[in-house]
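Quantities reported herein were computed from a predicted structural model and do not represent experimental measurements. Chain letters run A, B, ... following the sequence lines, proteins first, then strands; residues in each count from 1.
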Protein chains: 4
Amino acid sequence: MDELKAEANGTRRHPAGPKSQQRVRDILQAGRDVFAEKGYERATTAEIAQRVGVSEATVFSYFRGKRELCARVISEWYDEIIAAIEDGLPRDGSVRQQFAFIVRMHLRLMLIHGTGLCSLVLSEGRTKQHALGDELTALQRRYTAPLMRVLAHGQQTGQVRTDVPLRLMRSMVFGPMEHVLWEATLAHRSTDIEVTAERLVELLWAALQPPAPDVAALARLRDDMSEAMRRYEAAAQAKKSAIPI
Amino acid sequence: MDELKAEANGTRRHPAGPKSQQRVRDILQAGRDVFAEKGYERATTAEIAQRVGVSEATVFSYFRGKRELCARVISEWYDEIIAAIEDGLPRDGSVRQQFAFIVRMHLRLMLIHGTGLCSLVLSEGRTKQHALGDELTALQRRYTAPLMRVLAHGQQTGQVRTDVPLRLMRSMVFGPMEHVLWEATLAHRSTDIEVTAERLVELLWAALQPPAPDVAALARLRDDMSEAMRRYEAAAQAKKSAIPI
Amino acid sequence: MDELKAEANGTRRHPAGPKSQQRVRDILQAGRDVFAEKGYERATTAEIAQRVGVSEATVFSYFRGKRELCARVISEWYDEIIAAIEDGLPRDGSVRQQFAFIVRMHLRLMLIHGTGLCSLVLSEGRTKQHALGDELTALQRRYTAPLMRVLAHGQQTGQVRTDVPLRLMRSMVFGPMEHVLWEATLAHRSTDIEVTAERLVELLWAALQPPAPDVAALARLRDDMSEAMRRYEAAAQAKKSAIPI
Amino acid sequence: MDELKAEANGTRRHPAGPKSQQRVRDILQAGRDVFAEKGYERATTAEIAQRVGVSEATVFSYFRGKRELCARVISEWYDEIIAAIEDGLPRDGSVRQQFAFIVRMHLRLMLIHGTGLCSLVLSEGRTKQHALGDELTALQRRYTAPLMRVLAHGQQTGQVRTDVPLRLMRSMVFGPMEHVLWEATLAHRSTDIEVTAERLVELLWAALQPPAPDVAALARLRDDMSEAMRRYEAAAQAKKSAIPI
DNA sequence: CATGAATGAGACTTCATTCAT
DNA sequence: AATGAATGAAGTCTCATTCAT
């Protein structure tokens, strides 16, 4: 991100005066809003400039172009969110506590700015030929790093299962969160995000725990039995009513 | 979907000749590809026409416009996927088998056409004022319906936890799948999707099970079963040797 | 018009079978409706074809193109209207009666088909480079011929003034009629066209009569006097109130 | 009109710089020419831009679109013509003088820009669903207001007949003028518009006068006047010769 | 520094018209 | 005789981007 900043701010025109820095912040803020609301394609530099109250040309004198501005918006946002999680992480807490913290913070932080940014990242991040590609990947790695560390630590202490690749577990954690966030935006129904967060932690934690092989197998056995019995009973019932004689 | 079809074909110019139908199919195919690759905004009617090998005007004589074409692409794709899942679902299988089937099929079907369509739906579906909005919602409901039924059935038979809203469980299931799919596309590393599917099923199933199963009771059940089986087998064996014919 | 018909019907493809003639009539009818409703530019061959219930290609096999069709529509319409006036004109009536008949018929006939055709002629007739130019001029001459004859006759018998070019009198007659027709269409207020016609006849007839030089001059004198008196009185009044002493 | 102006300028991009205003004027001028020549539909933004010597994009940065430009053209033109008539109207003149002034000015002003604008207004004004509809109606009312006032005044002073609705008289006046203007444009023959104007005034005035003036009474009035004048002149003459200094 | 002004490139869309069948 | 199918040409409009002032 630092090299991004340098690139954006230095290659163009403006020395790093304090006024200049404020301008950059204003533009980034407006850009964040507009990109989040409209998505990359539908956002226009005109609207961003207008929200800042400057001319389009000014925007282009601080940023090389729309794409760079978008890249900066995304990276700033990632920075904030990463900092918030890294700073707040209860280092002395249990693995489960740390895990819960991350999930909770993620959901909270995302919803502060609506899910626009989130899906911006997801949609635009996917596009190849988008120049952002590399930096974005780096950011995403940094972003998921805290969770990865927690999970790895959990594996070492036997609290997290080791029979599944970490990458899959990451999907297992972030996937539902994104999904929940989308639903929260789509449905105007104001989901109680705190309640949802706690439930999600519980569900996820259940999935992440080492399989108590016995119990799981037993449960499976019970389920199979149960199914078999039900099917038998249904069949018996059918026969009875079908053949009254 | 049927009214979509009617709307698209016929209102414009071409009666339902056989050649006409083929053209429609060709355009839909090209549209699917391009929309999937580029997303709605970056896709151009020019490129779609060019891939079919016709002029843009031809495309517009079969579909009212870019948006309608996109809507048709999405709905056709949903139709396929829904049909595949509804038709293939093992109705006599256990809840777990059905669940596993859905997850597996989902991952497979999505990857046939790349993740483009998937994220197209997600990105475009999110945008309000997109006119597609309503039909899309309906399709998504139909799409997730099988899973919802399976989960609900599982809850009735005590195999799926009831302490969490179904909606959250849906996010819990589809979220990771989407995430996995994105990773699969992003990283060119060809993940073995079948293996991943099995692992995902296991993780998810663990999350969905009722919490705190009574281990002791389960063990007792198992023992009773075991005993019963053994007795049965012994009896069978005895019979077999008694009646060689 | 006859050469138009020949041109349209012969140069293309269709021999003059009775079926073919019916087709031509149908298309002309639909064309009349659409051109009248939409104006030349906004009318589309597609809509015309659709109203007839044939394909666009069929329309083009009977008429060389949109422009020719429009020309035919206009000329047919002129034919009708001219015939109606020529046939109905009371040859034994007085000049005033004949004049009144023409005005009345004009207003009636125009309103049968709405003012669309009327303004179509006026708008499109004006456009140079419209190919219709020449034929249209000829038609308009034929169209106004009855009126011109009546007026000329009136001049010979001393019932119509001779101090004004016939051309100007034509404008004097047709101008108000067109204006009235436009107002009738614009305002949905259903003007009683018959009453308006009678009033118009009276106004126009007054204008067309030879100036009884004495009377006119006298009237003018009276008006001037009247004005002078009023001004004087106003001035006196002002003075009185201004200078109370 | 003012809200039109505000709407057009400013909402798009350019603040009201001096250069900007000139551009607006240039574009309006070119727009006026092109719309007048071609009519609304056949006019193209490309041609307008080309005549100004700028790119199409520039035109669209000053006006929201073709329609708004056309609306502005029409309203500017109306403004000019209304101002010219309102400013020049001889307020102290007789009713006939005022009437003659309006007719003369109308014909002159219209011909300055050809009849294109005139028929543009008439053709486009007629089209329903044209968005211009409302503003246009208002403008037309303002435009005909001076004439209406003069006629009403004439009615009060007995110089204009009262047995016919004002609306019909308006058609009676504007109708022939439009017709004359069209003929003037169609026929390249350069009509002497001043002569025509005077003749038209005479014809129209004849139509507007109260019917059946009492010739006898008028003659008596004239004789009285005449006698009075003669007496006055004789007296004046006497005085003049009596007091030579 | 900031911006007013301009624009090239390209998007979607419409429609009269042609032609093989 | 009729038409299904296709399209070239053109139109309106949008927007990121540049540059002289």
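When all heavy atoms of B/Ser20 and B/Tyr62 are compared, the closest pair comes out as OG-CE2, 3.2 Å. Across every non-hydrogen atom of B/Ile27 and B/Val59, the tightest pair is CD1-CA, 4.1 Å.
For B/Glu47 and E/dC12, the CD to P distance is 10 Å, given to the nearest whole Å. Put simply, OH on C/Tyr40 is 13 Å from P on E/dC15, counting in whole angstrom units. Computed from coordinates, the C/Glu68 CD to E/dA16 P distance equals 15 Å when rounded to whole Å. Between B/Lys38 atom NZ and E/dG10 atom P there is a gap of 13 Å when expressed in whole angstrom units. When the P atom of E/dG10 is taken as reference, atom CD of B/Glu41 falls 17 Å away, rounded to whole Å. The interatomic distance linking C/Ile48 (CD1) with E/dT17 (P) rounds to 11 Å, in whole Å. For B/Lys19 and F/dG4, the NZ to P distance is 12 Å, given to the nearest whole Å. A straight line from CZ of D/Phe63 to P of E/dA5 spans 13 Å, rounded to a whole angstrom.
Summarising the base pairing, E/dC12 is matched to F/dG11 through a Watson-Crick or G-U wobble pair whose two defining distances lie under 3.5 Å. Base pairing analysis places E/dT21 opposite F/dA2; the two distances defining the Watson-Crick or G-U wobble pair are each below 3.5 Å.
Residue C/Phe60 places its side chain closer to E/dT18 than to any other of E/dT18, E/dT13, E/dG4. Among F/dC15, E/dA11, F/dA2, the nucleotide with an atom closest to any side-chain atom of C/Arg23 is F/dA2. Out of E/dT18, E/dC15, F/dA1, the shortest distance to the side chain of B/Ala57 is found at E/dC15.
A salt bridge (Lys or Arg N to Asp or Glu O under 4.0 Å) with B/Glu37 holds for exactly one of B/Arg32, B/Arg42, B/Arg51; it is B/Arg51.
Looking at D/Gln22 and D/Arg25, their side chains do bring a donor and an acceptor atom within 3.5 Å of each other. Side chains of D/Ser61 and D/Thr58: a donor-acceptor N/O pair is absent below 3.5 angstrom, by distance only.
Judged by closest nucleotide on DNA chain E, A/Val54 is the one of A/Val54 and B/Lys66 placed further toward the 5' end. Both C/Gly53 and B/Ser55 lie close to DNA chain F; mapped to their nearest nucleotides by heavy-atom distance, the more 5′-ward contact belongs to C/Gly53. Closest-nucleotide positions on DNA chain E for C/Ala46 and D/Glu56 were compared, and the one nearer the 5' end corresponds to D/Glu56.
Residue A/Tyr62 places none of its side-chain N or O atoms closer than 4.0 Å to OP1 or OP2 of E/dC1. Between D/His14 and E/dA5, a side-chain N or O to OP1/OP2 separation shorter than 4.0 Å is present.
Using a 4.0 Å heavy-atom distance criterion, C/Ala43 is classed as a sugar-phosphate-only contact. Base engagement by A/Thr45 is indicated by at least one non-hydrogen atom pair under 4.0 Å involving a base atom. Residue contacts shown for B/Thr58 include a base, since a base heavy atom lies under 4.0 Å away.
In this structure, D/Lys66 is positioned above the aromatic face of D/Tyr40, its NZ or CZ under 6.0 Å from the six-membered ring centre and within 45° of the axis.
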